[in-house]
Visitor: 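Mind having a look at this structure? Questions to follow.
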Amino acid sequence: MELVQNKASGKSFIVIDDSGGACLLLITPEGKVKSLERLLFGPQIVFDPRKPQRNLYLTKPQMERYAEYFDEYASAADPNGIGFNRLKFVSKRLHGKGAAQ
């Protein structure tokens with residue numbers, strides 16, 4: 001998973017698609033999918049959700065939308081969607097009982 005941080009707010013956004021153009025397709029902290037200008041963000045960061053890193057907090061709506069987005073994508077290519085069950089597990093673990101939301 002790749003993230004970018006908004007230069008003004010410092011919030012993390014999940015990169016869905018980077019075609020190398022002026023815009024990135026991102027999942028916002030609110031869980032919305034938007035195309036936003038690259039110049040609003042710092043460099044892309046490789047992020048492993050199983051190993052949270054300082055200053056790289058993802059919200060529950062972001063993780064849920066990420067899982068939904070790629071489940072929809074995987075369903076077309078792989079009806080079993082086996083690889084995305086792990087992401088759902090990680091999302092539940094990160095945002096389960098007692099986790100900060």
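Heads up: numbering here begins at 1 and tracks the sequence.
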Visitor: If only atom types and distance count, is the side chain of Lys60 paired as donor or acceptor with the main-chain N or O of Gly31 below 3.5 Å?
Guide: no
Visitor: Does any non-hydrogen side-chain atom of Asp18 lie less than 4.5 Å from one of Glu2?
Guide: no
Visitor: Asp17: which residues meet the side-chain hydrogen bond (donor to acceptor under 3.5 Å, both in side chains) condition with it, sequence neighbours left out?
Guide: none
Visitor: Any link between Leu25 and Ile45 through a network of hydrophobic side chains (Ile, Leu, Val, Met, Phe, Trp, Tyr) touching at under 4.5 Å?
Guide: yes
Visitor: Can you tell me how far CZ of Arg65 sits from CE of Met63, rounded to the nearest 0.5 angstrom?
Guide: 13.5 Å
Visitor: Checking Gln5 side chain against Gly10 main chain: does a donor-acceptor pair fall under 3.5 Å?
Guide: yes
Visitor: Rounded to the nearest 0.5 Å, what separation is found between the OG atom of Ser12 and the CD1 atom of Ile27?
Guide: 12.5 Å
Visitor: Cluster question for you: counting only ILVMFWY and a side-chain heavy-atom cut-off of under 4.5 Å, with indirect links fine, are Val33 and Leu3 together?
Guide: yes
Visitor: Can you get from Leu39 to Val4 by hopping between Ile, Leu, Val, Met, Phe, Trp and Tyr side chains that sit under 4.5 Å apart?
Guide: yes
Visitor: Would you say Leu36 and Asn6 make side-chain contact, with heavy atoms under 4.5 Å?
Guide: no
Visitor: Apply side-chain contact (heavy atoms from CB on, under 4.5 Å) to Phe47 and Leu58, showing your working.
Guide: CA-CA 10 Å; Phe47 178 77; Leu58 296 177; 3.4 Å; yes
Visitor: Could you list the residues that satisfy side-chain hydrogen bond (donor to acceptor under 3.5 Å, both in side chains) with Glu30, not counting sequence neighbours?
Guide: Thr28
Visitor: Is the shortest heavy-atom distance from the side chain of Phe13 to the side chain of Leu24 under 4.5 Å?
Guide: no
Visitor: Any donor-acceptor pair under 3.5 Å linking the side chain of Ser35 with the backbone of Cys23?
Guide: no
Visitor: Mind checking whether Leu26 and Phe41 have side chains closer than 4.5 Å, heavy atoms only?
Guide: yes
Visitor: Between Tyr66 and Met1, which heavy-atom pair has the shortest distance, and what is it?
Guide: CE2-CE, 3.6 Å
